[in-house]
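What follows is a short report on a single structure.
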2 protein chains.
Amino acid sequence: MRRDIFQAIADPTRRAIISLIALQAMTPNAIAENFNTTRQAISKHLRILTECELVRQEQQGREIYYSLEIEKMKEIDQWLSQYREIWQTRFNQLDELLVTIKK
Amino acid sequence: MRRDIFQAIADPTRRAIISLIALQAMTPNAIAENFNTTRQAISKHLRILTECELVRQEQQGREIYYSLEIEKMKEIDQWLSQYREIWQTRFNQLDELLVTIKK
DNA sequence: TATATATGCAACTTTTTGGTTTCACAAATA
DNA sequence: TATTTGTGAAACCAAAAAGTTGCATATATA
């Protein structure tokens, strides 16, 4: 079972979960209320998110609070940065061209 | 079959293809040489990438050159930006805390 | 203590995905 | 013109993923 962050964010339900718990920790039940699927399906998504360390659990009595491990999101940012460089270079080149044309 | 960019980049082979054609357009055969899979499998990946507009084709005689539609990558950047805000806020808060402690 | 609640896990089913094989077709080339 | 080359597409297959149902377990609560 290869669990990487790219596979984790591929599923729209998981992206919605990430968005939900980004600002405040939530329990599986509370999360599941926001979707038309069973609690168990959400639980499975949470397991996948936990396995690739995108999500952290905190037990509180019989409840488990899930919250986003925001640092992990930086991995995507890092991967993206090589392409960001490309589009910035292209933008600069376009900009220079426009300046040249103006002159 | 819904094709979105997050699903497109979930597959490691597709990410490798993106990386290959980021700087220069390539034909399916040339791309396939870099993998231990059949040309047809690569062709399928290219179709998926094309369907979600991450990749652009340019016919040249009987060859087809594939190149990266770098603008589309910005969609990931855009999605990521909401989380970037969170981690920057956290960083600033931590920074302020450290300043306070120093005082 | 008996019951209700919050949760995870395992077994199973259905759908999706990634790959292969085979073919068709158009463009180059002998 | 006949053959080779570059390509996409369809049919098929195996594996993985996503969802459901049915548990088990631990913690609250009446």
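Because only heavy atoms are used, hydrogens play no part in the values below, and waters and symmetry mates are left out as well, while side chains stay in. Chain letters run A, B, ... following the sequence lines, proteins first and then strands; every chain starts at 1.
Summary of the strand contacts: A:Asn36 and B:Pro28 both lie near DNA chain D, and taking for each the nucleotide with the nearest heavy atom, the more 5' one is attributed to B:Pro28. Between B:Arg39 and A:Thr38, it is B:Arg39 whose nearest contact on DNA chain D lies nearer the 5' terminus.
Between A:His45 and D:dG19, a side-chain N or O to OP1/OP2 separation shorter than 4.0 Å is present. Using a 4.0 Å cut-off, some side-chain N or O of A:Asn29 falls inside it from OP1 or OP2 of C:dT7. In terms of phosphate contacts, B:Thr37 brings a side-chain nitrogen or oxygen within less than 4.0 Å of OP1 or OP2 of C:dT20. Look at B:Gln7 and you'll find a side-chain N or O under 4.0 angstrom from OP1 or OP2 of C:dT17.
Below the 3.5 angstrom threshold, one finds a donor paired with an acceptor across the side chain of B:Lys44 and the base of C:dG19. With hydrogens and angles ignored, a donor-acceptor pair closer than 3.5 Å exists between the side chain of B:Gln40 and the base of C:dT22.
Ranking C:dG18, C:dG8, C:dG19 by closeness to the A:Ser43 side chain, first place goes to C:dG8. Nearest nucleotide to the B:Arg62 side chain, out of D:dA18, C:dT7, D:dT4: D:dT4. For B:Thr27, counting side-chain heavy atoms from C-beta on, the closest listed nucleotide (D:dT7, C:dT7, C:dG18) is D:dT7.
In this structure, B:Arg15 pairs ionically with A:Asp4, as a charged nitrogen and a carboxylate oxygen lie closer than 4.0 Å. For A:Glu69 and A:Lys72, the salt-bridge test fails: no basic side-chain N is under 4.0 Å from an acidic carboxylate O.
To the nearest angstrom, C1' of C:dG18 lies 11 Å from CD1 of B:Ile42. Rounded to an integer number of Å, the gap from CD of A:Glu58 to P of C:dT7 is 13 Å. If you take CD of A:Glu63 and P of C:dA4, they are 19 Å apart, rounded to a whole angstrom. Distance B:Phe6 CZ to C:dT16 P: 20 Å, rounded to the nearest Å. Note: CD (B:Glu51) to C1' (C:dT17) measures 13 Å, nearest angstrom. In this structure, the CG atom of B:Asp11 is 9 Å from the C1' atom of C:dT17, given to the nearest Å. The CD-C1' distance, from B:Gln60 to D:dT5, rounds to 16 Å in whole Å. What separates CZ of A:Arg47 from P of D:dA16 is a distance of 15 Å, to the nearest Å.
By the 4.5 Å heavy-atom criterion applied to side chains, B:Ile42 and B:Thr13 are counted as neighbours. At a threshold of 4.5 Å between non-hydrogen side-chain atoms, the residues B:Glu58 and B:Ile64 do not count as touching.
One side chain, B:Glu63 or B:Tyr65, offers a donor N or O that lies under 3.5 Å from an acceptor on the other.
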